[in-house]
Amino acid sequence: MNHLFEILHEDAELLVINKPAGLVCHPSKNGELSSLIGRVRLHLGGEAHPQLVNRLDRETSGVTIAAKTVEAAGELRQLWEKREVQKEYLAIVHGHVREENGIIHAPLGKDEKSRVAIKDCVRADGSPSQTEFQVVQRFSRREWHHDGERFSLSAWQTGGEGRGEVGFSTLRVLPRTGRKHQIRIHLAHIGHPIVGDKIYGGDEDLYLALVENRLTPQQEIQLILPHHALHARAVRFAWRRRSTEFSCEPERWFAEFAAL
């Protein structure tokens, strides 16, 4: 891993990165280090003109592909548009998901009632959207130890876990469509929002506090984790006549919380 990002694969056409949580993909006014594309340009040098083929939300970590050539970018985008890419995510959600697996069918569109401009929601006139999920594990926690500090999870206690413990589930998620915020909205829609989700976790003021730089220590405790617990673990597709897979494991805070 270099000082810019973890490189999963690099050749003459592709640069595959494990994007860290908390880093935006698109260009930022805060310098090249503040965005993934800025860091890619630093890595490749001033003459390069890379293009991000897939983008992840600011707080989502995981596999991100940058094309080094216009031709490679065009070919890869066609694969994405034709839905010829299988994407696999890991998510930690609130509560014990009852079903071992399932498919969420819920159309998505703009949330016109929200104060958050980028927020979407399930709505009857939205775009068709499907998300498949499988339960990896169910677990409960009373407290959470991270970076030498101990955090009580009693604020999340709903009376259903016993002994002051709070329930969570780790899911393997396979989106069948690629709508904005699809996984986050769908999991919240079935009553299991992603841990740390500031928009779809039930209190959207957490997101406004983040972007306005007024997130308080109490709100950080409420969120439990430093970023929302969604990780793009793998992408699989046919490339240059070969079956290709790029994958990476989640960051330490994610793995420690889920005891992966």
Side-chain angles (χ1 to χ4, degrees), residues 1-91 131-132 134 136 171-184 227-255 258 260:
M1 180 173 179
N2 63 22
H3 70 288
L4 297 173
F5 38 60
E6 178 187 359
I7 297 174
L8 304 174
H9 170 84
E10 184 171 12
D11 58 32
E13 294 182 298
L14 306 180
L15 174 63
V16 187
I17 300 154
N18 180 7
K19 184 187 89 67
L23 183 68
V24 298
C25 283
H26 50 77
S28 165
K29 297 179 181 178
N30 299 319
E32 292 179 304
L33 288 175
S34 65
S35 71
L36 182 62
I37 190 61
R39 294 186 181 201
V40 169
R41 289 167 181 158
L42 285 173
H43 173 72
L44 296 178
E47 299 301 316
H49 299 284
Q51 298 183 44
L52 294 181
V53 177
N54 65 317
R55 291 177 174 82
L56 300 177
D57 296 336
R58 172 179 177 171
E59 296 200 13
T60 303
S61 59
V63 179
T64 313
I65 300 176
K68 294 183 178 182
T69 67
V70 173
E71 293 77 16
E75 290 180 49
L76 286 167
R77 287 201 177 105
Q78 283 191 0
L79 294 178
W80 255 262
E81 290 169 2
K82 293 177 180 178
R83 298 183 184 178
E84 295 178 359
V85 178
Q86 182 186 46
K87 295 167 283 186
E88 176 186 337
Y89 289 75
L90 287 176
T131 300
E132 180 180 354
Q134 303 164 2
V136 176
L171 305 179
R172 178 176 180 254
V173 184
L174 304 169
R176 294 188 172 186
T177 53
R179 313 300 180 192
K180 185 182 74 175
H181 300 169
Q182 175 180 311
I183 294 172
R184 298 162 63 188
H227 305 285
H228 66 224
L230 182 62
H231 174 71
R233 185 181 180 277
V235 294
R236 304 177 183 92
F237 53 91
W239 182 246
R240 300 295 180 251
R241 299 180 181 179
R242 293 183 180 181
S243 178
T244 300
E245 174 178 332
F246 299 115
S247 63
C248 59
E249 298 308 309
E251 296 178 358
R252 183 167 62 91
W253 56 268
F254 187 117
L260 292 175

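We use all heavy atoms of the structure for the numbers below, so side chains are in, but hydrogens, waters and symmetry mates are not.
Contact annotation: the side chain of Val53 never approaches that of Gln51 to less than 4.5 Å [non-hydrogen atoms, C-beta and beyond]. Arg240 is listed as a side-chain neighbour of Glu75, based on a closest heavy-atom distance under 4.5 Å. Contact annotation: the side chain of Leu171 never approaches that of Tyr89 to less than 4.5 Å [non-hydrogen atoms, C-beta and beyond]. Between Ser34 and Val24, the closest side-chain pair of non-hydrogen atoms is not below 4.5 Å. Put simply, the side chain of Leu4 reaches to within 4.5 Å of the side chain of Leu33, judged on heavy atoms. In this structure the side chain of Cys248 reaches within 4.5 angstrom of the side chain of His231, judged on heavy atoms. At a threshold of 4.5 Å between non-hydrogen side-chain atoms, the residues Thr64 and Phe5 do not count as touching. Between Gln134 and Leu174, some side-chain heavy-atom pair lies under the 4.5 Å cut-off.
Rounded to the nearest 0.5 Å, atoms CD (Glu13) and CD (Glu71) are 8.5 Å apart. Taking CG of Asn18 as the reference point, atom CD of Glu251 lies at 6.5 Å (rounded to 0.5 Å). Note: Leu79 CG to Leu76 CG = 6.0 Å, rounded to the nearest 0.5 Å. Atom NE2 of His49 sits about 12.5 Å away from atom OG1 of Thr69, to the nearest 0.5 Å. For the atom pair NE2 of His9 and CG of Leu15, the computed distance is 9.0 Å after rounding to the nearest 0.5 Å. Rounding to the nearest 0.5 angstrom, the gap separating the CZ atom in Arg236 from the NZ atom in Lys87 is 12.5 Å.
Between Ala91 and Val173, the shortest heavy-atom contact is CB-CG2, 4.3 Å. Closest non-hydrogen pair, Phe254 versus Leu90, comes out as CZ-O, 3.8 Å. Heavy atoms only, all atoms of each residue included: Arg176 and Arg83 are closest at O-CD, 4.0 Å. Nearest heavy-atom pair, Ser61 versus Ala21, reported as atom, atom and distance to 0.1 Å: CB-N, 3.8 Å. Residues Ile37 and Pro50 share a closest heavy-atom pair of CD1-O, 3.9 Å. Annotation for Pro27 and Ser35: closest pair CA-OG, 3.9 Å, computed over non-hydrogen atoms.
Using a cutoff of 4.0 Å between basic side-chain nitrogens and carboxylate oxygens, Glu249 and Arg233 are scored as salt-bridged.
Remark: the backbone N or O of Thr177 is paired with a side-chain donor or acceptor of Gln182 at under 3.5 angstrom. Side chain of Lys19 to backbone of Thr60: a donor-acceptor contact under 3.5 angstrom is found. Put simply, the side chain of Asn54 gets close to the backbone of Val63: a donor and an acceptor are under 3.5 Å apart.
Checking His43 against Glu10 by side-chain atom types alone, a donor-acceptor pair falls below 3.5 Å.
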